[in-house]
Amino acid sequence: MENSSDDRPVGDAAGEPYRPPESPSAPQSTSQPASDPASSGGEQWGTRIGVILAVAGSAVGLGNFLRFPGQAAQNGGGAFLLPYFISLLVLGIPLCWAEWTMGRFGGMRGFNSAPGIFSVVCRTPKARYLAVPALLIPLVIYMYYVVIEAWCLAYACSYATGALMQGSDPDAYTSFFGNFVGIDQDGAAFSGGTSLMYFVLFTFAVNFVLIYRGVARGIEVFCKFAIPLMVVCALCVLVRVLTLPWEKVEAGLGFMWNPDFAALANAETWLAASGQIFFSLSVGFGVIINYSSYLKKKDDVVLSGLTACSMNEFFEVCLGGLITLPAAFIFLGTAVGSQGTFGLGFNALPNVFAQMPAGQFFGFLWFFMLFLAAITSSLSMLQPVIAFFEEGFGLQRSASVSVLGIIALAGSGFVMYFSAELKALDTFDFWVGTFLIFVLAMIQAVMYGWVFGIERGAKYSADGSHLGIPTFVQYMLKFLVPLYLGVIFIFFVMDNVLDQTDPETGEVTPGYLSKIANDPVTYMSLLFIGGTIVFLTVLVHVAGTRWIRQGRFDEPGDVGPEVS
């Protein structure tokens with residue numbers, strides 16, 4: 001049925017979205033035939049534990065082991081955990097449940113990409129434009145994340161060969177990192193003076209081989225192997241740290257966990273805690289809503305979502321919080337608390353392993369574990385765009401992977417070329433990996449609470465669930481979560497986007513708006529992001545028009561058979 005109007009409601013007369021019949025151009029599953037009655041759209045997870053590990057793998061990444069300890073040390077130590085866990089309970093878990101529910105809802109109606117899911121959730125094809133950030137965020141984050149992933153692999157290899165055992169001089173490790181990433185000069189990665197390009201190309205190839213194999217045979221199989229191996233590696237390093245001289249271990253743990261309650265009066269502490277939850281759980285990334293669309297109708301989204309969140313917190317609080325900063329403090333003292341994420345991970349910790357008994361072996365384990373954590377996250381960033389290419393344009397897996405590979409490689413090349421002071425990476429991370437994540441989280445909170453509706457949310461989340469989403473959480477999603485997000489977003493913009501003036505000294509710290517005007521690399525990076533937004537918006541428009549012509553929105557029908 002052909003109709004190009006975007007004003008048409010999605011669904012039958014009762015306003016209930018439907019699952020359309022399989023179209024000839026729908027992507028074929030790499031894990032089971034498209035005709036399988038249990039299929040929710042195209043592909044499908046093989047096992048429940050597989051999807052839990054995949055979602056946990058998406059969340060568990062460099063932020064758990066490097067960013068979280070640094071944030072805690074800079075924001076009150078143990079006191080940081082109070083706003084952190086409040087944000088987990090108020091924002092993280094509720095929004096995670098909302099994404100799992102809406103994702104499976106869209107998947108059972110034939111859509112695995114965010115534009116299609118948003119359209120059926122909001123019951124209008126126009127809602128697909130709201131999903132542009134859900135494609136942009138994972139795509140652009142992947143462009144620089146895969147570069148950092150290559151750093152981890154290179155450091156693991158350097159420990160295996162002994163190249164990173166450079167004694168106790170911290171300047172040696174700072175110099176090693178700067179030379180490897182090309183931090184002093186743009187284009188250094190392409191000049192032949194560093195092996196970074198080869199590590200990036202290898203890491204890129206591994207990612208795309210796995211993503212080509214699909215959800216079940218690629219992502220799920222790899223996460224079943226990688227997550228347990230990460231636990232083993234982390235526990236080995238943890239045991240090594242905790243068996244160092246106890247008085248030093250105790251002092252290191254105290255530096256990490258002794259609370260400074262004065263920090264709770266600082267809005268920056270609450271902002272940092274909330275931001276860490278977004279990084280930790282992949283909330284607002286556009287990943288969970290895609291992953292959950294491959295679930296069966298009777299899969300438990302509530303317990304699965306809670307399990308994935310809990311697994312992430314285990315890695316972050318119990319492993320990252322007990323290893324990274326305490327180990328660095330033991331050897332380097334209080335100065336390590338002022339290290340940024342990269343400084344802590346790639347400058348301070350190599351110095352620590354050099355001074356630790358059997359440090360070469362444990363350094364290899366640590367950075368190999370970081371590589372595994374990074375690759376489970378980067379795989380999740382590729383799948384949302386792959387799903388959109390396949391169902392939006394009828395591309396086969398090989399074609400969609402090739403197109404995405406070209407786009408992502410161009411972005412990664414941009415990041416690698418403009419390596420001086422890591423300005424391009426920093427700009428991508430701020431505007432897409434931080435700013436737009438808040439925007440997408442707000443969109444999804446309002447969509448779930450006010451458009452999809454908490455009554456429907458309770459109904460569809462209960463399908464196959466051993467636990468229901470508590471009623472008070474549903475009301476939190478409707479009222480408290482959008483308010484909390486709005487307040488955090490306002491403070492975030494004030495603290496980071498606008499210039500800051502010290503009330504005592506009058507010193508002005510430039511915000512990102514000033515950086516855009518005064519720094520050509522920052523400006524070009526923002527133009528790159530803007531161009532990608534325009535490109536994806538055009539694709540979303542064309543895909544939506546195609547879906548409308550196919551009648552995927554406006555022919556009444558059932559939502560597919562009950563499956564178990």
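Everything numeric here is computed off the predicted structure, so don't read it as measured data.
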Peer 1: Counting C-beta onward and ignoring hydrogens, is there a side-chain heavy-atom pair between Tyr144 and Asp426 closer than 4.5 Å?
Peer 2: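 The answer is no; the side chains never approach within 4.5 Å.
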Peer 1: What verdict does the side chain to side chain contact (heavy atoms under 4.5 Å, CB included) test give for Trp431 and Val497, after you've listed the backbone C-alpha separation in whole Å, the side-chain angles of each residue and the deciding distance to 0.1 Å?
Peer 2: CA-CA 10 Å; Trp431 288 105; Val497 178; 4.1 Å; yes
Peer 1: If only atom types and distance count, is the side chain of Thr376 paired as donor or acceptor with the main-chain N or O of Cys223 below 3.5 Å?
Peer 2: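 Absent.
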Peer 1: Check step by step if side chain to side chain donor-acceptor pair (under 3.5 Å) holds for Gln474 and Tyr448.
Peer 2: CA-CA 9 Å; Gln474 298 283 3; Tyr448 181 89; 2.8 Å; yes
Peer 1: Side chains of Met311 and Ile227, heavy atoms from C-beta outward: is any pair under 4.5 Å?
Peer 2: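 Heavy-atom side-chain distance check passes, below 4.5 Å.
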Peer 1: Do the non-hydrogen side-chain atoms of Val301 and Ser292 ever get within less than 4.5 Å of each other?
Peer 2: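 No - every pair of side-chain heavy atoms lies 4.5 Å or more apart.
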Peer 1: For the residue pair Asn112 and Gln383, confirm or rule out a side-chain donor-acceptor distance under 3.5 Å.
Peer 2: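 There is no such pair (donor and acceptor under 3.5 Å, judged by atom type) between the side chains of Asn112 and Gln383.
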Peer 1: Is there any salt bridge (Lys or Arg N to Asp or Glu O under 4.0 Å) pair reaching into residues 461-485, and which pairs are they, with sequence neighbours excluded?
Peer 2: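 Applying salt bridge (Lys or Arg N to Asp or Glu O under 4.0 Å) to every pair that reaches into residues 461-485, excluding sequence neighbours, yields Lys297-Asp463.
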Peer 1: Any salt bridge between Arg104 and Asp299, counting N to O under 4.0 Å?
Peer 2: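 The answer is no: the pair does not qualify as a salt bridge.
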Peer 1: Any idea how Phe68 and Trp257 line up, ring-wise: parallel (<30°), tilted (30 to 60°), or perpendicular (>60°)?
Peer 2: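 The arrangement is tilted - the two ring planes meet at 30° to 60°.
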Peer 1: Just jot down the salt bridge (Lys or Arg N to Asp or Glu O under 4.0 Å) partners of Glu220, sequence neighbours excluded, or say none.
Peer 2: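 Once residues adjacent in sequence are excluded, the partners of Glu220 under the salt bridge (Lys or Arg N to Asp or Glu O under 4.0 Å) criterion are Lys224.
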Peer 1: Might you point out which heavy atoms bring Ala441 and Leu95 nearest each other, and give the distance in Å?
Peer 2: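 In this case the closest contact between Ala441 and Leu95 is O-CD2, 4.2 Å.
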Peer 1: Using residues 525-539 as the side-chain source, report each donor-acceptor pair under 3.5 Å to any protein atom, sequence neighbours left out, with the distance given to one decimal.
Peer 2:
from: Ser525; atom 1: OG; to: Val521; atom 2: O; distance (Å): 2.8
from: Thr532; atom 1: OG1; to: Phe528; atom 2: O; distance (Å): 2.8
from: Thr537; atom 1: OG1; to: Ile533; atom 2: O; distance (Å): 2.7

Peer 1: Do you know the tightest heavy-atom contact between Ala263 and Gly76?
Peer 2: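 Closest heavy-atom pair between Ala263 and Gly76: CB-CA, 3.7 Å.
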Peer 1: Do Val451 and Arg123 have side chains that get closer than 4.5 Å, going by heavy atoms?
Peer 2: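 A side-chain contact is absent here, since even the closest heavy-atom pair is not under 4.5 Å.
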Peer 1: Within this structure, what is the OG-CD distance for the pair Ser280 and Gln71, rounded to the nearest 0.5 Å?
Peer 2: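 Rounded to the nearest 0.5 Å, the OG-CD separation comes to 10.0 Å.
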Peer 1: Could you walk me through whether Trp97 and Leu306 pass the side chain to side chain contact (heavy atoms under 4.5 Å, CB included) test, one step at a time?
Peer 2: CA-CA 8 Å; Trp97 277 336; Leu306 188 60; 4.2 Å; yes
Peer 1: Say you draw a straight line from OG of Ser461 to CZ of Arg456; how long is it, rounded to the nearest 0.5 Å?
Peer 2: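 The CZ atom of Arg456 is 12.0 Å from OG of Ser461, to the nearest 0.5 Å.
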Peer 1: Please confirm whether the backbone N or O of Leu264 pairs with a side-chain atom of Trp270, one donor and one acceptor, at under 3.5 Å?
Peer 2: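 Indeed, once roles are kept as given, a pair shorter than 3.5 Å links the two residues.
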Peer 1: What orientation do Phe315 and Phe65 show, parallel under 30°, tilted 30 to 60°, or perpendicular over 60°?
Peer 2: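 Because their plane-to-plane angle is over 60°, the rings of Phe315 and Phe65 count as perpendicular.
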Peer 1: Okay, side chain of Asp300, backbone of His466: is any donor-acceptor separation there less than 3.5 Å?
Peer 2: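 Yes.
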Peer 1: Could you check whether any side-chain heavy atom of Val439 comes within less than 4.5 Å of a side-chain heavy atom of Phe489, counting everything from C-beta outward?
Peer 2: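 When only atoms from C-beta onward are counted, Phe489 and Val439 do touch, with a gap below 4.5 Å.
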Peer 1: Are the side chain of Glu391 and the backbone N or O of Ser113 linked by a donor-acceptor pair below 3.5 Å?
Peer 2: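 Indeed, once roles are kept as given, a pair shorter than 3.5 Å links the two residues.
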Peer 1: I need the Ile323 CD1 to Leu66 CG distance, nearest 0.5 Å.
Peer 2: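 Going from CD1 on Ile323 over to CG on Leu66, the span is 11.0 Å.
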Peer 1: Taking it one step at a time, do Ile148 and Leu425 satisfy side chain to side chain contact (heavy atoms under 4.5 Å, CB included)?
Peer 2: CA-CA 10 Å; Ile148 305 172; Leu425 189 155; 4.1 Å; yes
Peer 1: What is the minimum heavy-atom distance between Met102 and Ile117, and which atoms define it?
Peer 2: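 Heavy atoms only, the tightest pair is O-CG2, 3.5 Å.
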Peer 1: Does CZ belonging to Phe491 count more than 12 external heavy atoms closer than 6.0 Å?
Peer 2: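 Atom CZ in Phe491 is not packed in, count stays at 12 or less.
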Peer 1: Donor-acceptor pair, distance only, cut-off 3.5 Å: does the side chain of Trp100 make one with the backbone of Gly305?
Peer 2: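 Checked: no pair found.
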Peer 1: Should Gln500 and Asp495 count as side-chain neighbours, where that means a heavy-atom distance under 4.5 Å?
Peer 2: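 Gln500 reaches Asp495 side chain to side chain.
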Peer 1: I need the minimum non-hydrogen distance between Val283 and Ile437, along with the two atoms involved.
Peer 2: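 Taking Val283 first and Ile437 second, the nearest heavy atoms are O-CG2, 3.6 Å.
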Peer 1: Find the distance between CD1 (Ile488) and OG (Ser87) and round it off to the nearest 0.5 Å.
Peer 2: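 Here the interatomic distance stands at 5.5 Å.
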Peer 1: Looking at every heavy atom in both Gly252 and Phe329, which two are closest together, and how far apart are they?
Peer 2: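 Of all heavy-atom pairs spanning Gly252 and Phe329, the closest is CA-CD2, 3.2 Å.
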Peer 1: Given Phe367 and Trp151, is the ring-ring contact (aromatic ring centres under 6.0 Å, His included) satisfied, shown in steps?
Peer 2: CA-CA 9 Å; Phe367 282 103; Trp151 297 353; over 10 Å; no
Peer 1: For the residue pair Phe479 and Trp450, does the interplanar ring angle fall in the parallel (under 30°), tilted (30 to 60°) or perpendicular (over 60°) class?
Peer 2: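 Ring orientation, 0 to 90° scale: perpendicular.
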Peer 1: Is a side-chain N or O of Asn258 found less than 3.5 angstrom from the main chain of Gly254, in a donor-acceptor match?
Peer 2: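 Flag set: sc Asn258 to bb Gly254 pair under 3.5 Å.
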Peer 1: Please round to the nearest 0.5 Å and tell me the distance separating atom CZ of Phe368 and atom CG of Leu229.
Peer 2: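 Reported to 0.5 Å precision, the distance equals 5.5 Å.
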Peer 1: Mind listing the closest non-hydrogen atom pair of Trp366 and Thr324 along with its distance?
Peer 2: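 Trp366 and Thr324 have their closest heavy atoms at CH2-OG1, 3.4 Å.
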Peer 1: State whether the side chain of Thr434 and the backbone N or O of Asp429 hold a donor-acceptor pair below 3.5 Å, judged by distance alone.
Peer 2: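 Pair found, side chain donor or acceptor close to backbone of Asp429.
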Peer 1: Would you say Asp499's side chain and Gly511's backbone share a donor-acceptor pair under 3.5 angstrom?
Peer 2: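 It does hold such a pair.
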Peer 1: For Phe105, is the NZ or CZ atom of Arg109 found under 6.0 angstrom from the centre of its six-membered ring and inside 45 degrees of the ring axis?
Peer 2: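 Yes, Arg109 lies over the aromatic ring of Phe105.
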Peer 1: Angle between ring planes, Tyr460 versus Phe452, binned at 30° and 60°: parallel, tilted or perpendicular?
Peer 2: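 The arrangement is tilted - the two ring planes meet at 30° to 60°.
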Peer 1: Between Phe118 and Phe111, does the ring centroid distance fall short of 6.0 Å?
Peer 2: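 No, too far apart.
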Peer 1: Looking just at side-chain N and O atoms, do Asn64 and Asn312 make a donor-acceptor pair shorter than 3.5 Å?
Peer 2: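 Yes - a donor-acceptor pair under 3.5 Å links their side chains.
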Peer 1: Would you check if Pro125 and Arg128 make a side-chain contact, meaning some heavy-atom pair closer than 4.5 Å?
Peer 2: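 In short, these two side chains touch, coming nearer than 4.5 Å.
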Peer 1: Kindly determine whether Cys152 and Leu62 satisfy side chain to side chain contact (heavy atoms under 4.5 Å, CB included), including the steps that lead there.
Peer 2: CA-CA 10 Å; Cys152 297; Leu62 302 178; 3.8 Å; yes
Peer 1: Roughly how far, to the nearest 0.5 Å, is the CZ atom of Phe438 from the CG atom of Leu485?
Peer 2: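 CZ of Phe438 is found 7.5 Å from CG of Leu485.
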Peer 1: Looking at Ser377, is its backbone amide N or carbonyl O close enough to the side chain of Ser380 to form a donor-acceptor pair, meaning the two atoms are under 3.5 Å apart?
Peer 2: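 Flag set: sc Ser380 to bb Ser377 pair under 3.5 Å.
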Peer 1: Decide yes or no for Tyr84 and Glu316: does some side-chain heavy atom of the first lie under 4.5 Å from some side-chain heavy atom of the second?
Peer 2: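 Heavy-atom side-chain distance check passes, below 4.5 Å.
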Peer 1: Quick check against the 3.5 Å criterion: does Asn496 have a side-chain atom that pairs as donor or acceptor with the backbone of Phe492?
Peer 2: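 Checking the backbone N and O of Phe492 against the side chain of Asn496, a donor-acceptor pair under 3.5 Å is found.
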Peer 1: Can the positive tip of Arg67 be found less than 6.0 Å from the middle of the six-membered ring of Phe278, inside 45° of the ring normal?
Peer 2: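 Ring-cation test returns no.
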